[in-house]
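Each remark here refers to the structure printed beneath this line.
In this text, all values refer to a predicted model and were calculated from it rather than measured experimentally.
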Amino acid sequence: METSSARPGGSRRPWWGRIAVGLAVVVVLTVLVGRFSLVPGFGGLFGEDTRDRSGPALLKSMQDMHRYEAAVGNFQVVVDLEKDAALLPDAIRGTRTLYVGAGTVSGYVDLGALGERNVTVNGDRTKASIRLPHAVLGTAALDPERSYAVSKQRGLLDRIGDLFSDNPAGEQAVQKLAAQHINEAARDSGLVERAEQNTTSMLEGLLRSLGFREVTVAYG
């Protein structure tokens, strides 16, 4: 007489098949419990442990600064960078990244080349004239705390390539483009003029505190 464990068709499930199914069930249950914290404290067994194994920072060089930073502009730009393949649809080959870049640009006056010919003082030290070079702009410095990728779209071949890349879906291209747009915006923002105005106010206040009653600051 056949037992009730016989499968239809007269064949039984192999013993190794039953073990594989059982292991699969255990793995699924473990993932679900850890993912959704169904059992208090159990999810900690699969938590991430972040360790900083970085070496000490090394001082590569030191440079004396001879410039007066008189103004700083804060900028934000939304970069929409798309790269397409000529003969392939976007679903196969192509990327599109939407990136918000936030950074600062400083306006400064270089005081390193100033000499006696740039400063004129009258005999009783009541009048002073100073000629300075025009203010210039520094390069944009992106703030990683305020810059982020909103979305990334990649084709199938690009996703496969990321598996073998040291820098998958790198943001270097959009970061460079964001800095470029911020530099362009800074040139049209009036930041240079503001830097010269602030430098003039600083020098006038300093020299008047030293007893000069008339101070003239020129640029160029």
Hits for side chain to side chain contact (heavy atoms under 4.5 Å, CB included) against D143, two or more places apart or cross-chain, chain-then-number order -> E145, R146
Residues two or more places apart in sequence or in another chain: which of them pass salt bridge (charged side-chain N to carboxylate O under 4.0 Å, His left out) with D80? R96
In terms of heavy-atom contacts, A102 and I182 come closest through C-CD1, 4.3 Å
I'd like to know if the side chain of N118 and the backbone of G115 have a donor-acceptor N/O pair within less than 3.5 Å. yes
The reported gap from OG1 in T50 to CG in D52 (rounded to nearest 0.5 angstrom) is 9.5 Å
Salt bridge (charged side-chain N to carboxylate O under 4.0 Å, His left out) against R208, all qualifying residues, sequence neighbours excluded: E204
Should we say atom OH of Y219 is surrounded by more than 12 heavy atoms from elsewhere, each under 6.0 Å from it? yes
To the closest 0.5 Å, what do you measure between CD1 (I130) and CG (L206)? 8.0 Å
Residues joined to V72 in its hydrophobic cluster, side chain to side chain under 4.5 Å directly or through other members, sorted by chain and number, are none
Side chain to side chain donor-acceptor pair (under 3.5 Å): pairs with one or both residues in residues 98-107, sequence neighbours excluded: none
Return the set of residues passing salt bridge (charged side-chain N to carboxylate O under 4.0 Å, His left out) with E196 (not counting sequence neighbours), or none when no residue passes. none
Residue pair V79 / T97, side-chain heavy-atom distance below 4.5 Å: no
Please list, chain by chain and in numerical order, all residues satisfying side chain to side chain contact (heavy atoms under 4.5 Å, CB included) with R187, sequence neighbours excluded. L137, N183, E184
Quick check against the 3.5 Å criterion: does N198 have a side-chain atom that pairs as donor or acceptor with the backbone of A70? yes
So, do L132 and V217 sit near enough that their side-chain heavy atoms are less than 4.5 Å apart? yes
Honestly curious: do Y108 and L111 fall in one hydrophobic cluster under the side-chain, below-4.5 Å linking rule? no
Just jot down the side chain to side chain contact (heavy atoms under 4.5 Å, CB included) partners of K176, sequence neighbours excluded, or say none. none
What distance do Q76 atom CD and H181 atom NE2 have between them, rounded to the nearest 0.5 Å? 13.5 Å
R125: which residues meet the side chain to side chain contact (heavy atoms under 4.5 Å, CB included) condition with it, sequence neighbours left out? V121, F212
Salt bridge (charged side-chain N to carboxylate O under 4.0 Å, His left out) filter on E69, not counting sequence neighbours, yields R67
Qualifying salt bridge (charged side-chain N to carboxylate O under 4.0 Å, His left out) pairs, either residue in residues 209-220, two or more places apart: K127-E214
Return each pair, listed once, that meets salt bridge (charged side-chain N to carboxylate O under 4.0 Å, His left out) where at least one residue sits in residues 53-63; pairs must be two or more places apart or across chains. none
